[in-house]
Trainee: 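Can you read through this structure? Questions will come right after.
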Amino acid sequence: MNRIFSGVQPTGNLHLGNYLGAIRNWVRLQQEFECIYCVVDLHAITIEQDPQALRAATREVAAGLIAAGIDPKKHIVFNQSQVAAHAELAWIFSCVARLGWLNRMTQFKEKAGKNRENASVGLYAYPVLMAADILVHKATHVPVGEDQKQHLELTRDIAKAFNSQFGVEFFPLPEPQIFGEAARVMSLRDGTKKMSKSDASDYSRINMTDDADAIAQKIRKAKTDPEPLPTEVAGLEKRPEAANLVDIYAALSGRTNADVLGEFGGAQFSTFKQSLADLAVHVLGPIGAEMKRLTTDPSFVDAALRDGAERARAIATPILREVHDIVGFLRP
Ligand code: TYM
């Protein structure tokens, strides 16, 4: 059976990278798969969070998923801390994964920065929890942006190592699903850096709750180079900011880069940016408005999360029980 699992951290605003790289694909995949989407609050606390802000962000991210078109009745939306099986399996996987594997994780290196000794143990073990998220539901497919690819390779290594250590064919080897032009949306201020929630400049990203004026202003101020847009895709090489804006346009309009350059090749950025801003407002405006509506009265979102957690528990608990038997834990 095919089952999707994916997650998003409640650490600040959802942005265009989250939407184009992940969430809009999650919406589409609901047609073909049984889907479980998780707001990963346990992952969020690998970096210090203000408790009040964490609670608010958890609701806001859940509202974002629902506003974007995820159906919490047909599928599952929940917050990770409510299903204890995730953390339990993560401990078991900590005893399967090897230090050498974790030492290779580039995201830890980036997030820990120079002061590695001061990073939390949780930040280091983060990918092990991610493997547990996926495998505690025996998910087979994981739609993510490009930046999560290495973590998914580790998930497959952990599944293989567990199966082989205990001589079982228990965990599936989940397939990453990384789609199209917007698998890596870059910062609007620097086309070589990923668009991210943690960037100090709000002008680096378009938030899903930004209003039309903010979206237009951020696109107008986006860094570009002095040349007009090329007519061929090859002309985007070594022009990271231009390439990023064309990628975003293509992803938002469901067209290819070649198609977009067919229309805008030779145009000045001022013209292209105006069209891009209109398009972004057209796509994101209704989602942002619905998010605001859902967070104003959180009772709907809270009920969806409660119900989702209950159904997620019903899937994960029996799987974890089987793991206990495989590992050799006594059930007295
Ligand atoms: P997070 O919260 O950083 O991002 C959520 C999703 O958005 C994608 N994404 C992007 N895609 C394209 N361009 C960008 N600039 C961009 N920024 C973010 C991410 O690739 C991701 O798909 N570790 C995960 C959360 C997680 C998870 C899991 C994912 C926890 N457990 C299990 C899958 C399965 C993370 O921090 O995502």
Side-chain angles (χ1 to χ4, degrees), residues 3-27 29 35-47 49 57-58 60-62 64-65 68 70 78-81 83 86-87 89-90 93 105-108 110-111 122-123 125-156 158-159 174-199 204-208 240 244 247-248 251-252 312 316:
R3 180 179 285 155
I4 294 246
F5 183 95
S6 203
V8 54
Q9 293 196 61
T11 44
N13 292 316
L14 285 178
H15 54 70
L16 188 64
N18 298 131
Y19 180 68
L20 293 177
I23 297 168
R24 74 178 178 139
N25 301 319
W26 300 2
V27 173
L29 291 162
C35 302
I36 307 176
Y37 296 128
C38 186
V39 184
V40 294
D41 47 9
L42 297 176
H43 276 106
I45 62 162
T46 55
I47 288 172
Q49 303 293 333
T58 302
E60 186 174 276
V61 167
L65 302 187
I70 287 163
F78 74 107
N79 59 316
Q80 193 183 24
S81 60
V83 181
H86 286 241
L89 185 60
F93 281 172
M105 295 295 114
T106 54
Q107 193 161 317
F108 173 74
E110 278 161 30
K111 285 199 178 171
L123 187 67
Y126 178 115
V128 175
L129 176 59
M130 193 165 149
D133 294 338
I134 297 164
L135 293 170
V136 83
H137 296 282
K138 287 196 171 178
T140 53
H141 294 78
V142 188
V144 285
E146 179 80 35
D147 61 340
Q148 297 300 318
K149 201 168 161 198
Q150 195 186 34
H151 290 159
L152 288 180
E153 281 158 14
L154 182 82
T155 300
R156 291 167 63 91
I158 291 176
E175 294 287 340
Q177 295 178 299
I178 298 171
F179 299 99
E181 260 94 13
R184 194 171 174 82
V185 177
M186 309 309 279
S187 156
L188 298 181
R189 308 300 295 165
D190 176 351
T192 62
K193 258 174 54 188
K194 183 177 79 165
M195 183 179 285
S196 127
K197 291 169 207 173
S198 51
D199 196 310
S204 69
R205 65 185 158 259
I206 294 174
N207 302 307
M208 282 173 70
N244 188 37
D247 280 345
I248 292 173
L252 283 171

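As the structure is a computational prediction, the values presented were derived from the model and not from experiment. Just follow the structure's listing: the first ligand is 1, and inside any ligand the first atom is 1.
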Trainee: So for ligand 1, is Gly145 a polar contact partner (N or O within less than 3.5 Å, distance only)?
Mentor: yes
Trainee: Give the residue, atom name and distance (to 0.1 Å) of the protein heavy atom nearest atom 7 (O) of ligand 1.
Mentor: Asn18 ND2, 3.1 Å
Trainee: Who's the nearest protein heavy-atom neighbour of atom 2 (O) of ligand 1, and how far?
Mentor: Gln9 N, 2.8 Å
Trainee: Between Ala182 and ligand 1, which residue portion shows a heavy-atom distance shorter than 4.0 Å: side chain, backbone, both, or neither?
Mentor: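 The answer is the backbone.
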Trainee: Backbone N or O of Ser196 within a donor-acceptor pair of the Arg205 side chain at under 3.5 Å?
Mentor: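 A pair under 3.5 Å: yes.
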Trainee: Any non-hydrogen side-chain atom of Gln150 less than 4.5 Å from a side-chain atom of Thr106?
Mentor: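 The answer is yes, as the side chains (C-beta and beyond) meet within the 4.5 Å cut-off.
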Trainee: What is the closest protein heavy atom to atom 12 (C) of ligand 1, and at what distance does it sit?
Mentor: Ala183 O, 3.2 Å
Trainee: Backbone, side chain, both or neither: what part of Val142 comes under 4.0 angstrom of ligand 1, heavy atoms only?
Mentor: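 Near ligand 1, Val142 shows its side chain, while the N, CA, C and O stay back.
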Trainee: If you define the side chain from C-beta out and look only at heavy atoms, does anything of Phe93 sit under 4.5 Å from Leu129?
Mentor: no
Trainee: For ligand 1, which is the ligand I care about here, please tell me if Lys194 has any N or O atom under 3.5 Å from one of the ligand's N or O atoms.
Mentor: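 Among all N and O atoms of Lys194, none is under 3.5 Å from an N or O of ligand 1.
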Trainee: Does ligand 1 have a heavy atom under 4.0 Å from the side chain of Asp133, from its backbone, from both, or from neither?
Mentor: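 Near ligand 1, Asp133 shows its side chain, while the N, CA, C and O stay back.
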Trainee: I need the nearest protein heavy-atom contact for atom 13 (N) of ligand 1: residue, atom name and distance, please.
Mentor: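 Heavy-atom neighbour on the protein nearest atom 13 (N) of ligand 1: Val185 N, 2.8 Å.
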Trainee: Consider every N or O of Tyr126 and every N or O of ligand 1, then say whether any pair is closer than 3.5 Å.
Mentor: yes
Trainee: Could you tell me whether ligand 1 has any atom less than 4.0 Å away from a heavy atom of Ser196?
Mentor: no
Trainee: With a 4.0 Å heavy-atom cut-off (strictly under), which part of Ile134 contacts ligand 1: side chain, backbone, both or neither?
Mentor: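 For Ile134, the contact with ligand 1 is made by the side chain alone.
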Trainee: Is it true that Asp147 and Lys194 make a salt bridge, defined as a side-chain N closer than 4.0 Å to a carboxylate O?
Mentor: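 A salt bridge is present here (some side-chain N lies under 4.0 Å from a carboxylate O).
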Trainee: Is the contact between Met195 and ligand 1 made by the side chain, the backbone, both, or neither, using heavy atoms and a 4.0 Å cut-off?
Mentor: both
Trainee: For atom 19 (C) of ligand 1, find the nearest protein heavy atom and state the residue, atom name and distance (0.1 Å precision).
Mentor: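 Looking at atom 19 (C) of ligand 1, the protein heavy atom closest to it is Asp147 OD1, 3.4 Å.
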Trainee: Between Lys193 and Asp199, is the salt bridge (charged side-chain N to carboxylate O under 4.0 Å, His left out) condition met? List the steps.
Mentor: CA-CA 10 Å; Lys193 258 174 54 188; Asp199 196 310; 3.4 Å; yes
Trainee: Out of Gly17, Gly7, Pro10, who gets a non-hydrogen atom closest to atom 16 (C) of ligand 1?
Mentor: Gly17
Trainee: Side-chain contact, heavy-atom cut-off 4.5 Å: Leu252 with Leu16?
Mentor: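 Yes, side chains in contact.
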Trainee: Could you tell me whether the side chain of Trp26 and the main chain of Ser6 form a donor-acceptor pair under 3.5 Å?
Mentor: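 No; zero donor-acceptor contacts below 3.5 Å.
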Trainee: Is a salt bridge present between Arg156 and Glu175, judged by a nitrogen-to-oxygen distance below 4.0 Å?
Mentor: yes
Trainee: Do Ile23 and Tyr37 have side-chain heavy atoms sitting under 4.5 Å apart?
Mentor: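 No. Closest side-chain heavy atoms not under 4.5 Å.
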Trainee: To check you understand the geometry: which heavy-atom pair defines the closest contact between Val128 and Leu154, and what is its length?
Mentor: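 So the two residues come closest at N-CD2, 4.5 Å.
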Trainee: For atom 37 (O) of ligand 1, tell me which residue out of Gln148, Lys111, Lys197 has the closest non-hydrogen atom.
Mentor: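 Result: the heavy atom closest to atom 37 (O) of ligand 1 is in Gln148.
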Trainee: Are His15 and ligand 1 in contact, using a heavy-atom cut-off of under 4.0 Å?
Mentor: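 Yes, His15 has heavy atoms under 4.0 Å from ligand 1.
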